[in-house]
Amino acid sequence: MKTNELKLLYEGKAKKIYEKSSDEVIIYFKDDVTAFNGIKKDSIIGKGKINKLITSFFFKMIEEKGIPTHFISDVDDNSFVAKKVKIIPLEVIIRNYTAGSFCKRYGIEKGIKIQKPIVEYSLKDDDLGDPMICKNVILSLKQVEEKILNRLEYYSLKINNILSSFLEEKNIILVDYKLEFGIYDNKVYLADEISPDTCRFWDKDTMESLDKDVYREDKGNLIDKYSEFLRRINI
Ligand code: TMP
Ligand code: ASP
């Protein structure tokens with residue numbers, strides 16, 4: 001993909017968004033990896049390609065189950081064409097097992113199964129460090145209409161069932177993950193990515209991480225673990 005001929009609309013920590021047409025963009029997955037709001041950063045050759053592969057695989061699966069996604073078509077190893085949605089400035093986090101900031105915030109042990117999945121929201125704002133925000137505050141700040149917020153929650157929990165049951169067959173636990181959504185023509189679309197950068201995946205037998213915690217916590221080689229995840233889901 002000759003991205004240098006396209007207009008760069010946005011560059012984030014792990015992706016670049018190029019304008020393809022008035023209603024389509026090209027999403028390019030970079031090899032850059034960051035943690036702790038960019039305090040720790042590196043470039044790891046091959047990461048972008050793996051995350052693009054996993055994202056397009058999951059987005060196709062989710063679309064087939066009736067949830068609209070921004071994914072349109074694959075372009076090459078590192079990029080795909082997507083609908084030019086207007087991103088809702090919220091990160092939706094779904095938790096099935098205790099881990100990460102949840103354990104830190106509430107002083108809870110890691111790895112406890114949560115009986116009913118928890119949906120949390122963070123304001124998508126790097127300068128503020130993506131603070132957690134509750135539904136009432138979202139509504140009172142008029143970030144999102146109630147109807148849309150309900151749809152985000154409905155889709156997030158439906159996606160949880162789709163991904164958890166698929167991964168369970170591969171002997172992988174979907175611990176928690178982050179989703180982003182966008183609006184196009186007044187309709188909600190799943191956007192951004194679903195990859196080992198944005199999810200926690202644990203081997204069911206060993207509880208070993210097959211995700212970015214390997215990098216966050218210096219627990220091994222990121223590409224080895226991401227490739228192991230790819231191998232386990234057969235893509
Ligand atoms: P947390 O436990 O740090 O709050 O993370 C919950 C999930 O969200 C975890 O699967 C990693 C993902 N995540 C992101 O995708 N981006 C982020 O900036 C953060 C903090 C977490
Ligand atoms: N995505 C965030 C960062 O780039 C945090 C994280 O994933 O741990 O710093």
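We number each residue from 1, following the sequence as shown. Both ligands and their constituent atoms are indexed starting at 1 by order of listing.
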* Do F80 and F29 have ring centroids that are under 6.0 Å from one another? -> yes
Report task. Could you state whether V92 and I159 fall into the same hydrophobic cluster, counting links through intermediate Ile, Leu, Val, Met, Phe, Trp or Tyr residues with side-chain heavy atoms under 4.5 angstrom apart? Result -> yes
For Y177, the ligand 1 atoms with a heavy-atom partner under 4.0 Å come out as 10 (O)
If we number the atoms of ligand 1 from 1 as shown, the ones under 4.0 Å from a heavy atom of G100 are 2 (O)
Rounded to the nearest 0.5 angstrom, the CG-NZ distance for N186 and K147 is 7.5 Å
Q) So, K60 and D74, do they make that salt bridge, N to O below 4.0 Å? A) yes
query = Looking only at distance, does R105 have an N or O less than 3.5 Å from an N or O of ligand 1?
reply = no
of all protein heavy atoms, closest to atom 4 (O) of ligand 2 is T34 OG1, 2.2 Å
Item checked: same_hphob_cluster(L179, V144) at 4.5 Å side-chain heavy-atom cutoff -> yes
A student comparing E91, K212, K178 should find that the heavy atom closest to atom 1 (N) of ligand 2 comes from K212
closest protein heavy atom to atom 6 (C) of ligand 1 is R200 NH1, 3.7 Å
For the aromatic rings, using the six-membered ring if either is Trp, is the centroid distance between Y226 and Y215 under 6.0 Å?
no
Counting from 1 in the order shown, the ligand 2 atoms closer than 4.0 Å to a non-hydrogen atom of K13 are 3 (C), 4 (O), 9 (O)
for atom 8 (O) of ligand 2, nearest protein heavy atom and its distance come out as R216 NE, 2.7 Å
Cut-off 3.5 Å, side chains only: do E193 and T198 have a donor facing an acceptor?
no
Restricting to heavy atoms, the pick from R216, K212, K124 nearest atom 11 (C) of ligand 1 would be R216
min-distance protein heavy atom vs atom 17 (C) of ligand 1 -> E91 OE1, 4.2 Å
Here the atoms of ligand 1 under 4.0 Å from any heavy atom belonging to C199 are 10 (O)
Contact check, R95 vs ligand 1, heavy-atom distance below 4.0 Å | yes
For the residue pair K219 and S209, confirm or rule out a side-chain donor-acceptor distance under 3.5 Å. yes
the protein heavy atom lying closest to atom 4 (O) of ligand 1 turns out to be S101 OG, 2.6 Å
Closest to atom 8 (O) of ligand 1 among protein heavy atoms sits K178 CB, 3.5 Å
Ranked by distance from atom 10 (O) of ligand 1, the top protein heavy atom is D176 OD1, 2.6 Å
among protein heavy atoms, the one nearest atom 9 (O) of ligand 2 is N37 N, 2.6 Å
message: Between Y10 and Y18, is the side-chain contact (heavy atoms from CB on, under 4.5 Å) condition met? List the steps.
response: CA-CA 7 Å; Y10 175 80; Y18 294 94; over 6 Å; no
Report task. Would you verify that at least one protein heavy atom lies under 4.0 Å from atom 20 (C) of ligand 1, or report that none does? Result -> no
Going by the angle between their ring planes, with limits at 30° and 60°, are F229 and F201 parallel, tilted or perpendicular?
parallel
- Task: Answer yes or no: is there an ion pair linking K41 with D32, defined by an N-O contact shorter than 4.0 Å?
- Result: no
